[in-house]
Peer 1: 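One structure is given below, represented as structure tokens, and several questions about it will come after.
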Number of protein chains: 2
Amino acid sequence: MLPSPGTSHDLTEAVLRPARGYHAFEACVEQLATTIRLGVYPLGSTLPSERELAERLNVSRSTLREAMAALREAGLVETRRGRGGGTVVTLKPRTPSARAAARLTEERRHEWLDSLVFRRIVEPGAAALAARADLDPTALAQLDAAHAAVAKARRPADHRQADSRFHLTIAALTGSSRLVEAVTSVQATLHEMLLAIPVLDANIAHSDRQHATLVRAIRRGNHDRARAVMEEHCDDTAALLRGLLG
Amino acid sequence: MLPSPGTSHDLTEAVLRPARGYHAFEACVEQLATTIRLGVYPLGSTLPSERELAERLNVSRSTLREAMAALREAGLVETRRGRGGGTVVTLKPRTPSARAAARLTEERRHEWLDSLVFRRIVEPGAAALAARADLDPTALAQLDAAHAAVAKARRPADHRQADSRFHLTIAALTGSSRLVEAVTSVQATLHEMLLAIPVLDANIAHSDRQHATLVRAIRRGNHDRARAVMEEHCDDTAALLRGLLG
DNA sequence: AGGTAATGGTCGGAGTTCATACCAATTTTC
DNA sequence: GAAAATTGGTATGAACTCCGACCATTACCT
């Protein structure tokens, strides 16, 4: 579906996209698994009830239940019945490892690189917007909490999850649901990519410094600075990934 | 575990989105109608064959045909059988008019405003990226053609379509399919909004000047300038719309 | 003129998804 | 301890979607 690079930039080719990529079932599995892996629902937390989730995802409960069964079978969650029961996250965050950067579809690779490009636009935009908004104390507390979680995380897997949450939190601060959607999607892909490469302490330290600078810029309302820092942050990650993934 | 649903900045609330908004049939109608109204397929042009469209939209031919039937019934297209036949666009571009800014769902209004926010991030990003890329002569020709079409358009309806195409063309120049998707979506919403307000010659002239500046910046590879101009362009349109739509 | 190819039009069975109702387990509440 | 409430578990039939094969029409090509 993706035109190979160099193909003519024909509008009609570029604009028409799959009207519906997956079946509802797959879409649910994908979204829930992503949500869990990104740490939106951390280890031990309880997901919303089936009925609520079904409504939220705009899917029948039957379909949602099939998705849940898949997650259960995959070991991401466990389920208890009865009032006060529900579905709890049991997945331990996966530790990044340097395996399997090979075995990549050309299409997949193209998708990944495209995500990096898109990210470099969307996330700096979100950062600038967050800096522009005047944030209420609650919002600032969320930002600080997310930032502290990243800074405190010791094990690489925890750091990875906290990092995702940090970036999602910034997007959520803007109050734009479309932005949140875009960042979620971008972070999901990014998460996949980062699992395929080795993690270096130096990279983490560098990243943490950028996070701190970013938070400062957002709190001060310096949107140009916030954007610039986030751009640099994205560029650094992208360079790392492009280098290691080809 | 789940914070109260009043917090608009809650991650778990913000991240979970409908896994699938429409049925395949509706999605097809929507996308095709949008594509036509945005002028990707101008009046008199022939759409791709049903088999090709079905594959492109990742939908069975039966479903696509139902969508086509809806478009036919709505008067957007006409269909002829046999080799050399196909489906041609018959919709005359609608003339913007000052009606029906009333009768807006609160949700709808929220969606519209959100689109303006998202646009202000995505389109300037696309412009900057297009300026950064070194464009081959074919690409430059497409850019110029799209620009010339906007500048030449006399009737408001034609201008509106040409404007959409111009913005889509810039996104397409970047070669990023995710960006094209984002801009398409944003332009579709924008199109709806602009149909609900009166069009002023002064606005059009102003917009045209910005287009010219933008094209110049892109051709020169001045990405900062390209972004700044596009930001201003978005801000101006947004201000107009926010003012007239409340 | 006749054959070929490309197009839309039609049909039927298989798989998904949906909506609804009801059952079962467990906690909370009184 | 009993009732109520909330949660997951199950079942059924309707509607939608998909796939594949085949038919009908028309233009192009030899």
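Because the structure is a prediction, the values reported are computed rather than measured. Every chain is numbered from 1, with letters handed out A, B, ... down the list of sequences.
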Peer 1: For Thr34(A), check side chain to side chain contact (heavy atoms under 4.5 Å, CB included) against everything at least two apart and list the hits.
Peer 2: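 Side chain to side chain contact (heavy atoms under 4.5 Å, CB included) check on Thr34(A) returns Glu30(A), Leu38(A), Ala188(A).
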Peer 1: Write out all pairs satisfying side chain to side chain donor-acceptor pair (under 3.5 Å) with one or both partners inside residues 144-153 of chain A, taking only residues at least two apart or from two chains.
Peer 2: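 Residue pairs with at least one partner in residues 144-153 of chain A: Asp144(A)-Arg219(A).
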Peer 1: Hey, can you pull the residues of residues 63-82 of chain A with a non-hydrogen atom under 4.0 angstrom from DNA chain C?
Peer 2: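 Output list: Thr63(A), Arg81(A), Gly82(A).
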Peer 1: Apply ring pair (Phe, Tyr, Trp, His ring centres under 6.0 Å) to His191(B) and list each qualifying residue two or more places apart in sequence or on a separate chain.
Peer 2: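 Listed in chain order: nothing, the list is empty.
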Peer 1: Whole angstroms only, please: what is the CZ-P distance between Arg51(B) and dG20(D)?
Peer 2: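 Spelled out: CZ on Arg51(B) to P on dG20(D) is 13 Å.
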Peer 1: Expressed in angstrom and rounded to an integer, what is the separation of Leu57(B) atom CG from dC18(D) atom C1'?
Peer 2: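 Spelled out: CG on Leu57(B) to C1' on dC18(D) is 15 Å.
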Peer 1: What integer distance in Å separates Asn58(A):CG from dC18(C):C1'?
Peer 2: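 Atom CG in Asn58(A) sits about 11 Å away from atom C1' in dC18(C).
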Peer 1: So Ser49(A), base contact, sugar-phosphate only, or nothing? Heavy-atom distance under 4.0 Å.
Peer 2: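 Here Ser49(A) touches the backbone only, sparing every base.
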Peer 1: Would you list the protein and nucleotides 28-30 of chain D atom pairs, both N or O, that sit under 3.5 Å from each other?
Peer 2:
none

Peer 1: Send over the distance from Arg61(A) CZ to dA11(D) C1', rounded to a whole Å.
Peer 2: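 Computing the Arg61(A):CZ to dA11(D):C1' distance gives 12 Å.
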Peer 1: Thinking salt bridges, do Arg178(B) and Glu181(B) make one under a 4.0 Å N-O criterion?
Peer 2: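 No.
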Peer 1: For Arg108(A) and Glu192(A), what are the C-alpha separation, side-chain angles and deciding distance, and is it a side-chain contact (heavy atoms from CB on, under 4.5 Å)?
Peer 2: CA-CA 11 Å; Arg108(A) 191 85 182 136; Glu192(A) 272 188 87; 2.5 Å; yes
Peer 1: List the atom pairs, with distances to 0.1 Å, where a side-chain N or O of residues 79-86 of chain B and a protein N or O form a donor-acceptor pair under 3.5 Å, not counting sequence neighbours.
Peer 2:
from     : atom 1 : to       : atom 2 : distance (Å)
Thr79(B) : OG1    : Arg72(B) : NE     : 3.1
Thr79(B) : OG1    : Thr87(B) : OG1    : 3.3

Peer 1: Which heavy atom of Ala24(A) sits nearest to which heavy atom of Val59(A), and what is that distance?
Peer 2: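 Result for this residue pair: CB-CG2, 4.4 Å.
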Peer 1: Measure up the His211(A) and His159(A) rings against each other and bin them: parallel (under 30°), tilted (30 to 60°), perpendicular (over 60°).
Peer 2: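 Plane angle under 30°, so parallel.
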Peer 1: Please state how far atom CD in Glu52(B) lies from atom P in dT7(C), giving the value in whole angstrom units.
Peer 2: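 Rounding to the nearest Å, CD of Glu52(B) and P of dT7(C) are 8 Å apart.
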Peer 1: Between Glu50(B) and Ser60(A), who's closer to the 5' end of DNA chain C by nearest nucleotide?
Peer 2: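 Mapping each residue to its closest nucleotide by heavy atoms, the 5'-most match is Glu50(B).
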